[in-house]
Amino acid sequence: MNVNLSATGTWRIDNSDQQYYGDLYLNKDEGGIVLYIRIPNSGPIMSYLELPLTIPFITGSTANGAEITLVDCARISTESRIGSEEVFGYQAKFMLDGANFEKEEDISFSKMTISIPGIIQWGDVSNYVRPELEDRETLIGLKIIEPIEIYSCEDYTLSYDLTFSSPFEMMKEEINLKQTPYLVIEAHSVQKLEWFMQIANQIKRLIEIAMGFPLGFNSMVVESPEIYYEFEDDKKHIRPLEVLHAFKQNISKENNTKRMLKHDFLFNLSELRHANFPKWQEISTIMEPIIELYIDSLYNRKLSVNRHFLNMVQALETYHSRRIAYSLRDYKKRVEQLLEVRPEASRKQDEKFLLDGCRDFVTLRCRLADLLLADHSFIFHTGDFKFTEFPQIVANTRNYYTHYNQNQEHKALKGEELITAFHILRNILEFYLLKEFGFEEEFIHDRIRERISPIMTSNEIKKADKQKRYK
């Protein structure tokens with residue numbers, strides 16, 4: 001990442017009495033915040049630990065009088081210029097523009113507003129509307145959207161907001177309108193920046209799952225009751241602080257403009273409000289490896305079909321191990337419970353389907369069989385694959401592509417069959433993701449059928465075309 005010189009000034013570490021001269025380098029597009037502290041030194045080389053390796057906050061005043069606070073700083077370089085100076089380089093996670101703080105605990109806020117580019121279609125609301133058909137004088141109308149509450153608890157309220165632009169100069173050949181989606185986190189007591197970012201990352205991850213590709217944060221603004229303007233009327237008006245941060249990702253803008261259909265989303269904003277957000281907060285750490293595989297497989301189009309398939313198999317295997325049954329003992333106990341509620345005539349067949357091959361550990365085939373069975377609450381579409389054979393087919397294919405035994409090549413899926421299997425596996429994983437998010441059963445079943453329907457239709461068309469060509 002390239003950074004450019006932005007300001008020169010004096011700096012204090014943890015607001016100590018010692019003052020240092022230094023240069024601030026920034027890359028606002030990518031979130032680069034680097035401070036080089038310069039200490040004049042004509043004698044021996046200073047100790048590497050002359051300054052701390054990590055610093056909670058650094059306050060500064062630039063040459064033009066601006067106040068800046070850098071938060072969560074880590075050493076990235078040390079340079080000794082013999083007979084001249086020592087240069088200590090620090091990278092910060094946050095830069096608060098327009099304020100200095102006396103103590104670390106003072107760097108606390110009651111509200112954060114942070115933008116996530118590319119989610120406006122997921123939000124499914126707009127400040128700009130089409131006028132009524134009989135209105136022939138209005139091209140685009142304005143209907144200001146109020147913040148939409150996503151979740152509220154005793155600690156904070158989380159909302160979705162959408163700002164809009166209003167052109168000031170009309171005598172132009174080109175006039176642009178822009179609206180920007182934001183997350184708004186309002187804490188009921190002042191909190192650290194890391195606290196806000198934890199919540200923001202959790203909801204961003206949910207939206208990534210819903211949309212099927214990675215997202216990044218952009219602009220950030222924070223507010224505190226202790227930071228305000230005071231005018232002649234003695235009234236205090238909250239003064240928002242702009243925050244440059246290191247949590248920006250260089251995400252492709254292709255997804256920002258691509259038109260998405262309803263079934264392209266696993267769920268949208270209005271549907272998310274019916275999920276169980278606290279439940280997701282509790283399990284988000286456990287689910288993270290599974291989500292990474294899911295997002296990577298959906299987003300990274302450069303991956304081979306084999307890799308997409310393997311990602312989805314690994315995600316399902318990891319999910320079953322982490323959320324359903326880790327050990328063979330746990331799994332056998334679960335199977336016993338499943339069989340208890342089954343008709344007597346079906347138990348032997350179900351037991352074979354669920355336990356066949358399990359001796360010293362729970363095999364991939366058995367984990368997939370359990371997930372496919374879905375507690376007998378839902379029937380997954382498996383295309384031309386036989387329902388009872390599909391887990392073993394997937395296990396054989398995974399084993400071939402990971403261990404490569406030419407003698408097993410005839411058992412492995414390839415081409416169109418491999419692609420179809422990938423879509424079926426993704427459909428199964430999405431079923432369990434929606435369950436983990438706390439959606440109601442009816443919604444889950446309807447959405448999973450909607451998501452697999454285009455794949456089923458496409459396969460039927462290809463099959464019909466192939467049969468027509470061979471007549």
Atom pair [atom1]/[atom2] of [X] and [Y] - distance to nearest 0.5 Å:
| X | Y | atom1 | atom2 | value |
| --- | --- | --- | --- | --- |
| S166 | K178 | OG | NZ | 15.0 Å |
| L266 | R447 | CG | CZ | 7.5 Å |
| L293 | H308 | CG | NE2 | 12.5 Å |
| L354 | L373 | CG | CG | 5.5 Å |
| L364 | N399 | CG | CG | 7.0 Å |
| L429 | L316 | CG | CG | 5.0 Å |

For the residue pair [X] and [Y], what are the closest heavy atoms and their distance?
| X | Y | answer |
| --- | --- | --- |
| C73 | A92 | SG-CB, 3.8 Å |
| D360 | L328 | C-CD2, 3.8 Å |
| I107 | L96 | CG2-CD1, 3.8 Å |
| R322 | I290 | CD-CD1, 4.5 Å |
| Y25 | L5 | CD2-N, 3.2 Å |
| I114 | A200 | CG2-CB, 4.4 Å |

Side-chain heavy atoms of [X] within contact of [Y], under 4.5 Å:
| X | Y | answer |
| --- | --- | --- |
| L183 | D161 | no |
| I58 | I55 | yes |
| L162 | T180 | no |
| P278 | Y151 | yes |
| E223 | L241 | no |
| R323 | I283 | yes |
| V222 | L193 | yes |
| F443 | H274 | no |

For the residue pair [Y] / [X], report whether a side-chain donor-acceptor contact shorter than 3.5 Å exists.
| X | Y | result |
| --- | --- | --- |
| R239 | Y229 | no |
| T78 | R75 | yes |
| N306 | S304 | no |
| E86 | S80 | yes |
| T10 | S61 | no |
| T157 | E149 | no |
| E79 | Y36 | no |
| Q191 | Y156 | no |
| N2 | N27 | no |
| D14 | S16 | no |

So for atom [atom1], which belongs to [X], do other residues, nucleotides or ligands contribute more than 12 heavy atoms lying within a distance under 6.0 Å?
| X | atom1 | result |
| --- | --- | --- |
| K279 | NZ | yes |
| Y326 | OH | no |
| E169 | CD | yes |
| E105 | CD | yes |
| E242 | CD | no |

Does [X] reach the main-chain N or O of [Y] with its side chain, forming a donor-acceptor pair under 3.5 Å?
| X | Y | result |
| --- | --- | --- |
| T59 | T69 | no |
| S42 | G83 | no |
| R426 | I452 | no |
| K248 | K28 | yes |
| T397 | L413 | yes |
| W280 | Q202 | yes |
| R12 | D17 | yes |
| N276 | F437 | no |
| R451 | F431 | no |
| K192 | E104 | yes |

**OP:** Describe, in one word, how the ring planes of F267 and F439 are oriented to each other, choosing from parallel (under 30°), tilted (30 to 60°) and perpendicular (over 60°).
**Re:**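 Taking F439 first and then F267, their aromatic rings sit tilted (interplane angle of 30° to 60°).
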Please report whether the ring centroid of [Y] lies less than 6.0 Å from that of [X].
| X | Y | answer |
| --- | --- | --- |
| Y432 | H320 | no |
| F94 | H245 | no |
| Y182 | Y160 | no |
| F196 | F109 | no |
| W11 | Y20 | no |
| F380 | F378 | yes |

Charged N-O contact under 4.0 Å between [X] and [Y]:
| X | Y | value |
| --- | --- | --- |
| E85 | R38 | yes |
| E208 | R205 | yes |
| R365 | D370 | no |

**OP:** May I ask you to check if K204 and F217 form a cation-pi contact, with NZ or CZ under 6.0 angstrom from the six-membered ring centre and within 45° of the axis?
**Re:**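 Yes, cation above the ring, under 6.0 Å and within 45°.
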Original post:
Where do L24 and T8 land on the side-chain contact (heavy atoms from CB on, under 4.5 Å) test, with the steps shown first?
Top reply: CA-CA 6 Å; L24 180 65; T8 297; over 6 Å; no
Original post:
Does the pair H237 and Y228 meet the rule for a ring pair (Phe, Tyr, Trp, His ring centres under 6.0 Å), with working shown?
Top reply: CA-CA 5 Å; H237 301 268; Y228 52 83; 9.5 Å; no
**OP:** Report the residue from E317, Q314, H403 that forms a side-chain hydrogen bond (donor to acceptor under 3.5 Å, both in side chains) with R398.
**Re:**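 Result for side-chain hydrogen bond (donor to acceptor under 3.5 Å, both in side chains) with R398: E317.
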